[in-house]
2 protein chains.
Amino acid sequence: MNSQNSQNSQGSQSPQGSQGSQRVQDSPRAQTGAAARRVTYTPDSLLEVAVTVFNERGYDGTSMEDLARAAGITKSSIYHHVKGKEELLTRGVNRALDALNASLDTLEDLPDAGDLDRVEQAVFRAVQILVEELPYVTLLLRVRGNTEAERAAQASRRAIDQRLAGFVERAAAAGALRTDLDPRLASRLVFGMVNSVVEWYRPGPGRWSADDVASAVTHVVFDGLRRR
Amino acid sequence: MNSQNSQNSQGSQSPQGSQGSQRVQDSPRAQTGAAARRVTYTPDSLLEVAVTVFNERGYDGTSMEDLARAAGITKSSIYHHVKGKEELLTRGVNRALDALNASLDTLEDLPDAGDLDRVEQAVFRAVQILVEELPYVTLLLRVRGNTEAERAAQASRRAIDQRLAGFVERAAAAGALRTDLDPRLASRLVFGMVNSVVEWYRPGPGRWSADDVASAVTHVVFDGLRRR
DNA sequence: TAGAGTAAACCGAACGGTCGGTCGGTTCCA
DNA sequence: TGGAACCGACCGACCGTTCGGTTTACTCTA
């Protein structure tokens with residue numbers, strides 16, 4: 001029978017498919033020749049496929065067979081590129097964590113920005129990163145904590161939440177925010193709204209851009225929805 | 001050896017534990033005698049345990065053995081009360097869907113409430129229900145869509161989202177909301193903030209009450225965080 | 001009131017199937 | 001021709017579920 005390949009070729013991407021970041025000639029360990037033709041996976045291009053499937057079916061709901069089908073290769077071939085399922089998860093969440101932490105670093109190093117300015121910047125940048133790294137941040141936000149690797153990701157995420165909450169508390173202490181709201185509660189709500197973007201945002205022409213969403217969030221958060 | 005019982009008795013609830021809604025004498029099919037003593041599970045009290053574990057480990061990450069351990073009974077005993085794992089999921093999400101739909105029904109039947117009033121009421125009530133039925137709504141919001149039952153739950157949830165978005169659009173059409181925001185985008189953000197409450201809210205004395213959170217959300221959403 | 005009978009609640013063992021992962025190859029290309 | 005990329009077959013463990021049997025709490029009857 002051997003129906004594997006004929007079933008694969010329809011309904012899921014082969015390496016030549018639309019994923020778009022497989023190794024051709026400009027990838028990490030590119031072939032040295034002038035015109036490399038073979039299209040194969042790199043750990044990163046495989047990660048892109050894997051994270052997409054993880055976000056569709058959930059990490060625990062995704063089998064290695066699911067990943068193989070989506071990638072257009074066999075289950076055993078995946079182990080040529082990565083150690084196993086968990087490495088795909090940690091690589092995915094680390095990409096999100098790195099982007100978020102880098103943004104926070106530059107924000108904290110801003111020499112003489114006002115405390116309110118910094119919070120506004122933090123909200124705006126958070127939405128931007130969330131959209132730029134949408135699948136990876138989505139994966140991070142849905143991590144449950146069933147393994148040691150997942151708990152580590154959760155801990156790193158909590159650290160980021162606390163850095164953001166610190167911005168809000170400083171702005172509140174400086175008197176820039178309304179005083180009838182607990183800053184910790186306000187912070188939860190604001191970044192809850194920010195993070196909820198992963199549940200519905202999808203990029204594409206004719207749709208909202210990252211900046212559209214970022215400025216909408218910033219406007220709602222700081223000035224509210226009511227007409228005035 | 002038979003270490004089953006001695007292991008169970010520490011670290012997880014037995015039917016006599018703190019779950020609090022097992023059948024004693026006032027439950028659905030109660031014993032007829034004057035002083036029934038035996039404490040057993042009902043489908044509903046078992047559901048309460050199951051939904052808690054589902055929310056901790058994720059539905060796909062929870063095995064029937066996990067549920068049995070948390071309930072203090074064996075895996076096979078669970079099947080005396082429910083048909084299987086999926087029935088626990090559908091019962092759980094339906095409880096959330098029923099509560100949310102009931103609230104929307106009363107809100108839509110409000111005879112002469114202003115369009116802005118209705119949106120404010122919708123936001124406030126949504127947070128209240130979310131807190132009252134916290135574990136069940138949490139389960140609903142995390143459903144992935146891997147089975148037919150899960151996709152049905154997602155469809156019901158989308159219908160609720162659209163009813164809520166309808167309120168926002170009517171208020172916008174009536175000129176009650178700021179005009180520089182797409183009402184559909186505003187609706188996504190507002191109920192994204194509302195739903196994000198399940199990610200961190202935990203009830204308890206000395207903590208925020210449901211109304212604390214509900215009014216905080218309403219204030220931020222309609223008037224913003226900025227001091228004025 | 002002793003004891004037979006009943007049905008719900010629960011248990012241990014096992015089922016077929018799927019899981020993540022391994023291994024010994026074969027194919028492809030610089 | 002050497003090594004990267006990939007494959008098919010397979011492994012032990014665990015999955016959700018089933019099944020036959022036991023325990024428990026209670027009612028009915030002699």
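This one's a predicted model, so the numbers in the text were calculated from it and none came from an experiment. Just so we're on the same page: letters track the sequence lines, and every chain starts at 1.
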Does D:dC6 have OP1 or OP2 sitting under 4.0 Å from an N or O in the side chain of A:Ser77? no
B:Glu133 (side chain) donor-acceptor with B:Ile129 (main chain) under 3.5 angstrom: no
Kindly say whether, by distance alone, the side chain of B:Ser76 makes a donor-acceptor pair under 3.5 Å with the base of C:dG12? yes
So, OP1 or OP2 of C:dC10: does either fall under 4.0 Å of a side-chain N or O from B:His80? no
Measure CD/B:Glu87 against C1'/D:dT17 and give the value in whole Å, please. 14 Å
Can you check the B:Ile73 CD1 to C:dA8 C1' distance for me, whole Å? 13 Å
Just the rounded figure in Å: distance from P of D:dG16 to CG of B:Asn146. 14 Å
Would you say that A:Tyr136 contacts A:Leu139 through its side chain, given a criterion of any heavy-atom pair below 4.5 Å between the two side chains? no
B:Glu65 atom CD is separated from C:dA14 atom P, nearest whole Å, by 16 Å
Determine, for B:Asp105 against B:Arg163, whether the closest basic-nitrogen to carboxylate-oxygen distance falls under 4.0 angstrom. yes
Given C:dG20, D:dC19, C:dA9, which nucleotide is nearest the side-chain atoms of A:Tyr79? C:dG20
Heavy atoms under 4.0 Å, any strand shown: does A:Ser63 hit a base, just sugar-phosphate, or nothing? sugar-phosphate
Does A:Asp66 come within less than 4.0 Å of A:Arg57, counting only side-chain N to carboxylate O? yes
What nucleotide, of D:dC6, D:dG16, C:dC11, holds the atom closest to the side chain of B:Lys75? D:dG16
Between atom CE in B:Met64 and atom C1' in C:dG12, what is the gap in whole Å? 16 Å
Which whole-number value in Å describes the distance from B:Arg57 CZ to D:dG16 C1'? 16 Å
Using whole Å, what does the distance between atom C1' of nucleotide C:dG20 and atom CG of A:Leu89 come to? 14 Å
Go through C:dC10, D:dA5, D:dG16 for me and flag the one nearest to the A:His81 side chain. D:dA5
Between P of D:dT18 and CD1 of B:Ile78, the distance in whole Å: 13 Å
Give a yes or no on whether a salt bridge exists between A:Arg142 and A:Glu199, defined as a side-chain N under 4.0 angstrom from a carboxylate O. yes
Side chain of B:Lys85 only, heavy atoms from C-beta on: which candidate in D:dG16, C:dG21, C:dG12 is closest? D:dG16
